[in-house]
Every structure is written in structure tokens, then in C-alpha cells.
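Because only heavy atoms are used, hydrogens play no part in the values below, and waters and symmetry mates are left out as well, while side chains stay in. Chain letters run A, B, ... following the sequence lines, proteins first and then strands; every chain starts at 1.
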2 protein chains.
Amino acid sequence: MKLSTKSTYGLRAMLAIAMKDKNTATSINDISGAEGISVAYLEQLLNRLRRHGLVESVRGPKGGYILSRRPSEITVADIVKTLEGNIYPVHCVSPKNGPLSACSRGASCVPKIVWHKLARAISDCLESITLEDLCAEAIRIKRRKS
Amino acid sequence: MKLSTKSTYGLRAMLAIAMKDKNTATSINDISGAEGISVAYLEQLLNRLRRHGLVESVRGPKGGYILSRRPSEITVADIVKTLEGNIYPVHCVSPKNGPLSACSRGASCVPKIVWHKLARAISDCLESITLEDLCAEAIRIKRRKS
DNA sequence: ATAATAGTTGACAAAAATAGTCAGGTATGA
DNA sequence: TCATACCTGACTATTTTTGTCAACTATTAT
């Protein structure tokens, strides 16, 4: 029941990009320096986020990444789903297994009730938090310090 | 963000034990046959559940396992915590890291807000479901079939 | 007693996932 | 045309998962 570093690093990277002016791209090098994550690993993560349409890249000098939607339109669930592959705690409740999520144990599988509830709880939680929320919190913390 | 088979198998085993009369022990062999899980692996899981006080063992012929508390007093969270080690999606929000869960990133770590909320959502969900609930559901399903 | 049943324990091992690294490539602006 | 910075795929070490196996201990029926 662990999230991998992909999600935690990915969220930190996305937050770093979101905190900048909309027109200013954030380079991997900047993120690496600020967050202490290796450049090569960040490349992998941001590439994935770009292919899933969460960020856009700007090449050349002064290049980097910008959000492809407004911070209020990007949820933590979007980021986690992209980087972990999916968000489901047990594969039998993944939508891939049909709309009624039938696994090999059939419809009378009682434990599946639990995993469905859990999947819903996780989904609801992560979908309720946007990058805008986190930016606001970051600004609040910064202000409190000064 | 995956639960291991330890949790899914473990819950099925616990449910099998809970479905039997309180005074009748359920052997690993029975569970293995009914659930299609290997005897050797079940031994590992039930041992852990016993050491954490969720089941008691009865040795010798007609032996097996019984619940050490009433089904209404055992939650899915108990089982998952025992078998996965803990229930926290990110180690930085584990209580081991102090009451305020300080990680190396300190108190001003904004992403931590997310992981705390997630940990709470998961915990609340799994703590709200008891073995009694699942037994009731199993009986309901069985009745519907006949 | 003793044989059969059934839990106890620790060590071992294959397979998969994680957490990166690395080399070489492409696009862009000064 | 050079420096910056993204792009891509392949590769690898480590850790976790998912078990297996062998030998042992306790209990009951005969």
C-alpha cells in the first residue's frame, strides 16, 4: 500500500512548475536543484506527464515546462494516475475488468466490496485536491515565515 | 498504489474463519481448498495474524484457527495493517516519524498535506468495515442464490 | 505408546517492481 | 553555430513480492 517516489517526486515537480508565472517555463535543472531530485529521473517523469497532457514543453534556451491547463483544472489524482499507471489498490476493481469489474472470483466475491469502497475513497480524496489548492497553501506558508 | 496479495488472501482467509461457528476451528487445509491459495503461503499469513492477536490457533487433529475477537471487533484495517506492515501510502506520514510526522523536508512541505489526507481517507474507509459486515453480506449473497 | 493431524518457524529463491542511470539524439534562441 | 534544454530507449542494481521447503512441536484418537 505504498505510493512510489514517482508520485511524490512528480507532485513536487508539478507544484514547482505551477508556482511560476504562467508564461515562464521551469527547466528540469531548476527543479532538480530546488527539490534535490536527479535530472535524469525527472526527465523520465516529466516526459510521462507531458505525454498524458498535463504539461507542455518549451525547447531551447530559457525552455522548460509549463502547465497545459490552469492549476485549478489539474488534480493530484491526474498526476498520480499518470505516474503510477492507475490509482486502483487491487487490480480486480480496475475498470479494465469490465464495467462491473468482474474478476476470476465472479460476482459473489465479498472482499471485492471492500476494495471497491477503498478505490472510491482514494479516488475521491485525490480528485478533491487541485494544484491551485496546493499553490495557495504554499503561498500561505511562505507568507507566515516572513 | 497496490495492495499485495497478502492483504487480499488474508482477508479471504479471515472471512472463511469468521463464517464458521465460533467453536469450530478452520484448518489451513480447508482454507487452501476453498480459496485456492497454497498451504505454505497461508501458513505464513495466518502466523502473522496470530502474532498480532487477530486469530488463535488450535493444534492437533480437528485443529485450525479461530478468531480471537468477535467479528464485529475486527476491522479490515486490522488485517491490512498486520499483513502489509502498515497502512500509510507514503512513509513520511507514518506515525513513526513523530507525532507531527516531520520528514526530512520539514514542516513546510506542501505535498505532505495531500498524503496526510490520503492516509486518513484510507484509514477511515478500512476501519469502517468489520468482518461482521462481510459475513452478513456473504450470507445475503448465498441466500439470494438459492 | 504411537500414528495421524495440524500448527510453527526460519531459510531460501524466482520473479516482478522500483528507482534510478546513461548515451546519444533533436529542437531552439542568442 | 554553439549552448541550452528537452527526448528517447536501453540498461542495471536493489528491493519487494510471492511464494516454496524442510524440519519441528503439540494434540488427539486408537
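Take A:Glu127 and apply the salt bridge (charged side-chain N to carboxylate O under 4.0 Å, His left out) test, not counting sequence neighbours, and it matches A:Lys81. Residues passing the salt bridge (charged side-chain N to carboxylate O under 4.0 Å, His left out) test with B:Asp78 are B:Arg69, sequence neighbours excluded.
Between A:His91 atom NE2 and C:dA17 atom P the separation is 12 Å, expressed in whole Å. One interatomic measurement links the two molecules: CD of A:Glu56 to P of C:dT28, which rounds to 14 Å at whole-angstrom precision. Between A:Ile28 atom CD1 and D:dA3 atom P the separation is 21 Å, expressed in whole Å. With rounding to whole Å, B:Arg48 atom CZ is found 14 Å from C:dG10 atom C1'. If you take CG of A:Leu42 and C1' of C:dG20, they are 11 Å apart, rounded to a whole angstrom. To the nearest angstrom, C1' of C:dG20 lies 15 Å from CG of A:Leu83.
Both B:Met1 and A:Ile129 are assigned to one and the same hydrophobic cluster, defined by single-linkage of ILVMFWY side chains at heavy-atom distances under 4.5 Å.
Scanning both residues, B:Trp115 and A:Ser7, for their nearest heavy atoms gives CZ2-O, 4.2 Å.
Side-chain contact of B:Ser4 with B:Glu84: a donor-acceptor pair under 3.5 Å is present, judged by distance alone.
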Next item on the list: Spell out protein contact along nucleotides 7-23 of chain D as letters: B when the base is contacted, S when just the sugar-phosphate is, - when no protein heavy atom is under 4.0 Å; keep the 5' to 3' order.
Entry: BB---------SBBB--
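Among the protein residues, B:Lys62 comes within range of the sugar-phosphate backbone only, with heavy atoms under 4.0 Å from sugar or phosphate atoms but none that close to a base.
Of the two residues contacting DNA chain C, namely A:Gly60 and A:Lys2, the nearest-nucleotide position lying further toward the 5' end is that of A:Lys2.
The existence of a salt bridge linking B:Glu137 and A:Lys112 is excluded, since no basic side-chain nitrogen approaches an acidic carboxylate oxygen closer than 4.0 Å.
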